[in-house]
Amino acid sequence: MKEAVAGIIGHNGLDGLSKSYDPAPIEDKWYARWIKDGIFKAEAKSGKPPFSIVIPPPNVTGSLHLGHALDNTLQDILCRAKRMQGFNVLWMPGTDHAGIATQNVVERALREEGLAREDLGREAFVKRVWEWKNEYGSRIIGQLKKLGASCDWDRERFTMDEGLSRAVRKVFVELYKKDLIYRGKYLINWCPRCLTALSDLEVEHKETEGRLYSVKYLFADGSGALTVMTTRPETIMGDVAIAVHPRDERNRHLIGRGVVVPICGRVIPVIEDNLADPEFGTGALKITPAHDPNDFLVGLRHGLEQIQVMDDRGRMNENGGKYAGMDRFEARKAITADLAEAGLLTGEDPHVHSVGHCYRCDAVIEPYLSEQWFVRTRPLADADVEAVRRGDIRFVPEQWAGTYYQWMENIRDWCVSRQLWWGHRIPAWYCLDCGEVTVSMEEPDKCSCGGHLRQDEDVLDTWFSSALWPFSTMGWPDETDELETFYPTSVLVTGFDIIFFWVARMIMMGEEFMEAPPFRDVYIHALVRDEKGQKMSKSRGNVIDPLVIIDKFGADALRFTLAALTVQGRDIFLSESRIETYRFFLNKLWNASRFALMNLENARDTDIDGRYLRLHDRWILARLSDVTKQMTEFMDGYYFGESARLMYDFVWGELCDWYLELSKPALRGDEGEMRKSASQAVLYAVFRDVLKLLHPIIPFVTEELWSAFGYGETLIGRTEWPKAGVFDTYAGSAGMDFMQTLVRAMRNLRAEVKLPPQQQVPRMCLRLKDSLGHAAACVRENSDLIGLLTKVGKTELLESGEMAPRQSLSSVTGEWELFFPVGDLLDVEKEITRLRGELNKLEKDMGRTRSKLSNPNFIGKAPAEVVAKEQEALKAAERQKKRIEENIAGLE
RNA sequence: GGGCGACUAGCUCAGCGGGAGAGCGCUUCCCUCACACGGAAGAAGUCACAGGUUCGAUCCCUGUGUCGCCCACCA
């Protein structure tokens, strides 16, 4: 590979380049070279300013989807640009153990062998998961490399590495000491499929078509009945009270009476509680503390019994009477049927309501009473909201700060224990003798009472370790050079879907344990959605493999597309045709480079000699300077879409469409040796900076071209970011605009008479407004180039009084008139119609401008320059109108 | 129930106080010695609707509609 690179440096550059751009032979080659040369390595100590990003660690179960591709493309763009700008860049890579997701994957594999995890036992099962992780867990890392991610791979971390696990235990113990972690028996979200508790965030609420059942509860004294409504008749066995609102005129006389729970026959009281809404149904609400979050609180308020009627798998338990052993949904049917039979079911109406589902397996979540660990979030949240308000952390776009506040201000305690085997085991031990709880980083020998200890069976929520990621990956709790140099990180780049799961919790933990926010900026990007506009996610199984796209179009094409489509506040619907568009752009860049290489010959890095520059040379240097300045701003401000589109337009619309065309004669030698070498010097300088500016977005193709140009022995990523203004001595764009307008006007006239593009015509005539001396000079100096672009032999300048040539098409502005003598090709009727059409449009414009100018309010209140502009426009339009009229008259 | 966002050319989307842009598609002409993954020219939009602010609104404000998303303890 080294030989190959050496071989294409210098004037042989062209040999290495195929006629059209093909990413396949380029991308792996250069990635290997980058790794070999260690250009992604961060320095723990450095004189350079630091720039750091921690990767949102992908799940080990995952394979790269377009969301990852976008997320990591944006991070890579920032890292590569910052390296070129002289920063000591750390992009910290790694993966997340993804508790439930990974456990599920391995359990599924076991099931195919006819085994359950219980058959293996905890230790063997966990070993099995590690084996799975070691075999498949690095797949996504390989995919990130295909994408071009410039992470410092030597630092790759995993949330269950020993170091990170130590950080987890440390944090748990510290929070426990500060009473910010507690254990208690509460009603939590339970997944009867995964057999674990979930946090509120892990429950996805979906609008579901259900039934609202009206059930009669007979009064215990036999004096009639009370009707209550429920969507979950299977929980009737767990009812402990009926609540009515204390100010409910209809029902409050019932308070204190007893009613009989249907089917099971228990007598329960009617109580008063604000939860009951007098407007809803009969105003009477059944209270089932063990199976409904609201009822749970009512139960606490009134000291009611908690009767659990289901087991952990969502089956009716021994409290379920004759339904014991039945699945909850079967039980619902059976109980409903029995209620109907007994004449106690008085209504069954369709009812749309929100039902919680497991975010991992989509099973319906059961509110379940159990003993769990919780993080007390309120005290943590308040400080964090302050940090964002103070501006210590900045959301980009800002609107996301609002989302963050809204959640943080309503935050509830975080259930962190999970009944899984895969994850960080909770560092708590229970004494088998005295029952005391010992929480400590290392396993204690025995209880303080001398009794035997048993460790808590549960593991921590995956997001608990993710929350520590910005500092646990840098060696915390040790005081490391990495933490010193790179914490707080510069920016976090992620999607809004994990603001609560991850961003907010990182802020909590960072503020609490590092006493500093984990990042300065949070850049929130759009979600890449599938063709139906649905979120792509592992559990939905609708992920599109970007590797297919990379195979087909190349990583650069995918990267450029994602960057170009990244606009704040709007989701991305990715289609292949859009990727194709941008791959065409890469081909354009490729071929423009081939053109440059063909024409550079041996010229390399010669000084630009200002004496031999022409209008277009000065113009492209001026434009390059503008573009460089804008790109630098875009990189600092996270304007990814703008930056990609700017380069697209500049390279294609200006560099290729105009500059390269105009420089052809000089490069061919038609304008003499001095002009040739001056053009080569400009070409060389422009491509050098264009490749650099594009490199963060499309690293592979720019590296290949860089080496073909032979811009130096070093890799492009090691070079300095271009500086705006270095060409100011030579740059200038005066006259170019006029020339472009003139050329377009002439091409337009040619098309009017359907002249084939190649066909030369002898002449066109231009009459300039008297004051346009500089334009006259411009035309004289560049008549050869105007001729080149318009295929016109000669541009004749007419004096102000001079007659226009007969049988001409004309194009008129307020400043000049262009005549194209076409002889017999002239279709007088058609030309008059065309000119009348133009007149028409012009008059409409003039009418608008006139009415504006005759409005005293406009004159009085609009800024002077706007008024002046309108007046100028009107004058120009009047001149234009007069000329068009004259031309029409001349034709008639 | 609360909040957020979108609505611009046939399609996918930029723009966001001084009379509207791109890519694809479409029409016409071109295989011009970097590129047909290309070149040149062109057609195409009451900028969702209604009010308001302003000299002036696609852009700001209010409301309406449609679609999408997030949050919430909707029996």
Side-chain angles (χ1 to χ4, degrees), chain A residues 14 17 19-21 200-201 205 207 212-213 228-232 243 275-277 280-288 292-298 351-354 367 399-400 402-403 406-407 410 412 496-497 499-500 527 529 533-535 553 564-565 567 569-575 577-578 580-599 641-642 645 648-649 653 656-657 660-661 664 668 743-744 747-752 754-759 789-791 844-845 848-849 852 855-863 865-867 869-870 873:
Chain A
L14 196 55
L17 304 188
K19 195 180 167 191
S20 62
Y21 162 63
D200 295 335
L201 278 178
H205 292 275
E207 290 292 296
L212 186 59
Y213 303 90
V228 304
M229 300 216 168
T230 179
T231 53
R232 307 202 54 200
L275 179 67
D277 176 3
F280 189 94
T282 59
L285 173 65
K286 79 186 196 68
I287 301 299
T288 321
D292 181 278
N294 287 318
D295 295 3
F296 177 75
L297 296 174
V298 174
H351 183 65
V352 176
H353 61 136
S354 178
Q399 54 168 116
W400 292 110
T403 304
Q406 200 196 328
W407 187 68
N410 299 307
R412 292 188 304 159
F496 58 80
D497 52 330
I499 289 180
F500 306 143
L527 241 44
R529 294 179 180 278
Q534 274 199 323
K535 196 162 105 175
F553 302 103
L565 298 186
V567 173
R570 195 154 168 162
D571 288 343
I572 297 175
F573 289 73
L574 201 66
S575 66
S577 79
R578 293 205 75 162
E580 207 168 28
T581 296
Y582 291 110
R583 204 218 13 195
F584 293 161
F585 169 71
L586 299 185
N587 189 58
K588 189 74 179 176
L589 175 71
W590 182 266
N591 277 293
S593 301
R594 287 178 63 233
F595 168 82
L597 283 164
M598 283 175 193
N599 287 286
E642 289 81 351
R645 277 178 265 125
Y648 184 100
D649 292 339
C656 293
D657 288 350
L660 296 187
E661 292 306 319
K664 279 175 179 175
R668 231 183 279 133
V743 166
R744 286 199 189 99
R747 284 170 169 172
N748 185 312
L749 294 185
R750 290 180 61 108
E752 280 303 318
K754 297 204 191 313
L755 276 180
Q758 244 94 300
Q759 192 175 326
L789 296 182
T790 55
K791 297 279 187 288
K844 234 182 246 172
D845 275 356
R848 236 177 295 157
T849 311
K852 213 183 245 188
N855 179 349
N857 283 326
F858 175 72
I859 302 288
K861 294 187 179 170
E865 72 245 33
V866 173
V867 177
K869 209 175 112 196
E870 293 292 335

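- Scanning both residues, A/T231 and A/H351, for their nearest heavy atoms gives CG2-CD2, 3.7 Å.
- A/V866 is not listed as a side-chain neighbour of A/K869, based on a closest heavy-atom distance of 4.5 Å or more.
- Comparing the same atom, C1', in B/U32 and in B/G39 gives a spacing of 8 Å after rounding to whole Å.
- A/I499 is listed as a side-chain neighbour of A/W400, based on a closest heavy-atom distance under 4.5 Å.
- A/A276 comes within 4.0 angstrom of a base, heavy atoms only.
- Comparing B/C55, B/C37, B/G18 by their closest approach to the side chain of A/N855 singles out B/C55.
- Figure legend. B/C49 is base-paired to B/G63; pairs are counted as Watson-Crick or G-U wobble with both atom distances under 3.5 Å.
- Across all strands shown, B/A14 has no partner, as no Watson-Crick or G-U wobble contact with both distances under 3.5 Å is found.
- When each of B/G18, B/C71, B/U32 is scored by its nearest atom to the side-chain atoms of A/V866, the top-ranked nucleotide is B/G18.
- Listed candidates were B/G19, B/C55, B/A36. Nearest to the side chain of A/K852 is B/G19.
- Set against B/C37, B/G18, B/C24, the side chain of A/F584 has B/C37 as its closest nucleotide.
- With a cut-off of 3.5 Å on both Watson-Crick or G-U wobble distances, the partner of B/G56 is given as none.
- Comparing B/A48 with B/A40, their C1' atoms sit 37 Å apart, to the nearest whole Å.
- In this structure, the CD atom of A/Q759 is 12 Å from the C1' atom of B/C29, given to the nearest Å.
- Atom CG of A/D649 and atom C1' of B/C13 are 14 Å apart (whole Å).
- Among the atoms of the strands shown, base atoms are found under 4.0 Å from some heavy atom of A/S20.
- In this structure, CZ of A/R578 is placed 7 Å from P of B/C13, rounded to the nearest angstrom.
- The separation between A/L660 atom CG and B/G38 atom P is 15 Å, rounded to whole Å.
- Distance A/K664 NZ to B/A34 P: 5 Å, rounded to the nearest Å.
- Applying the Watson-Crick and G-U wobble criteria (two distances, each under 3.5 Å), B/A20 pairs with nothing in any strand.
- Looking at heavy-atom distances under 4.0 Å, A/P293 makes no contact with the nucleic acid at all.
- In this structure, B/C69 forms a base pair with B/G3, meeting either the Watson-Crick or the G-U wobble geometry with both donor-acceptor distances under 3.5 Å.
- The residue among A/S354 and A/N587 whose nearest nucleotide of RNA chain B lies closer to the 5′ end is A/N587.
- Among all heavy-atom pairs drawn from A/T282 and A/V228, the shortest one is OG1-CA, 4.2 Å.
- B/C4 sits 15 Å from B/C60 when the P atoms are compared, rounded to a whole Å.
- Under the 4.5 Å side-chain criterion, counting only non-hydrogen atoms from C-beta, A/L789 is in contact with A/R747.
- Within 4.0 Å of A/P863, counting heavy atoms only, lies at least one base atom of the nucleic acid.
- Judged by distance alone, with hydrogens and angles left aside, the side-chain atoms of A/R750 form a donor-acceptor pair with the main-chain N or O of A/K791 at under 3.5 Å.
- Here, B/A9 and B/G15 have their P atoms 15 Å apart, quoted to the whole Å.
- The side-chain heavy atoms of A/D845 and A/R848, taken from C-beta on, include a pair separated by under 4.5 Å.
- With distances taken from any side-chain atom of A/R744 to the nucleotides B/A34, B/G18, B/A41, the minimum falls on B/A41.
- Using N1 to N3 plus N6-O4 or O6-N4 for Watson-Crick, or N1-O2 and O6-N3 for G-U wobble, each under 3.5 Å, B/G42 pairs with B/C26.
- Comparing the C1' positions of B/G1 and B/G23 gives a spacing of 42 Å, expressed to the nearest Å.
- Remark: C1' of B/C30 and NZ of A/K791 are 11 Å apart, rounded to the nearest angstrom.
- Rounded to a whole angstrom, the distance from the P atom of B/C33 to that of B/U28 is 24 Å.
- Proximity of A/K588 to the phosphate of B/G39: a side-chain N or O atom is located under 4.0 Å from OP1 or OP2.
- Backbone-only contact: A/F500 has heavy atoms under 4.0 Å from sugar-phosphate atoms and none from a base.
- Between the C1' atoms of B/U58 and B/C47, the separation comes to 4 Å (whole Å).
- Within 4.0 Å (heavy atoms only), A/D657 reaches sugar-phosphate atoms of the nucleic acid but no base atom.
- For B/C29, the base has no donor-acceptor partner in the side chain of A/Q758 [N/O atoms by modelled type, under 3.5 angstrom].
- Look at A/N591 and you won't find any side-chain N or O under 4.0 angstrom from OP1 or OP2 of B/C37.
- We find that OH of A/Y648 is positioned 8 Å from C1' of B/A22, with the value rounded to whole Å.
- Taking atom P on both B/A6 and B/C16, the two are 13 Å apart, rounded to the nearest angstrom.
- When rounded to the nearest whole Å, the span between NZ of A/K754 and C1' of B/U28 equals 5 Å.
- Closest contact between the side chain of A/R594 and the listed nucleotides B/C55, B/C37, B/C35 involves B/C35.
- Note on A/R848: a base of the nucleic acid sits closer than 4.0 angstrom, heavy atoms only.
- Scanning both residues, A/F553 and A/R583, for their nearest heavy atoms gives O-CG, 3.7 Å.
- Looking at A/D295 and A/L275, their side chains come closer than 4.5 Å, going by heavy atoms from C-beta outward.
- Each of A/F496 and A/L212 was matched to the nucleotide of RNA chain B holding its nearest heavy atom; the match closer to the 5' end belongs to A/F496.
- Residue contacts for A/E661: at a heavy-atom cut-off of 4.0 Å it reaches a base atom on one of the strands shown.
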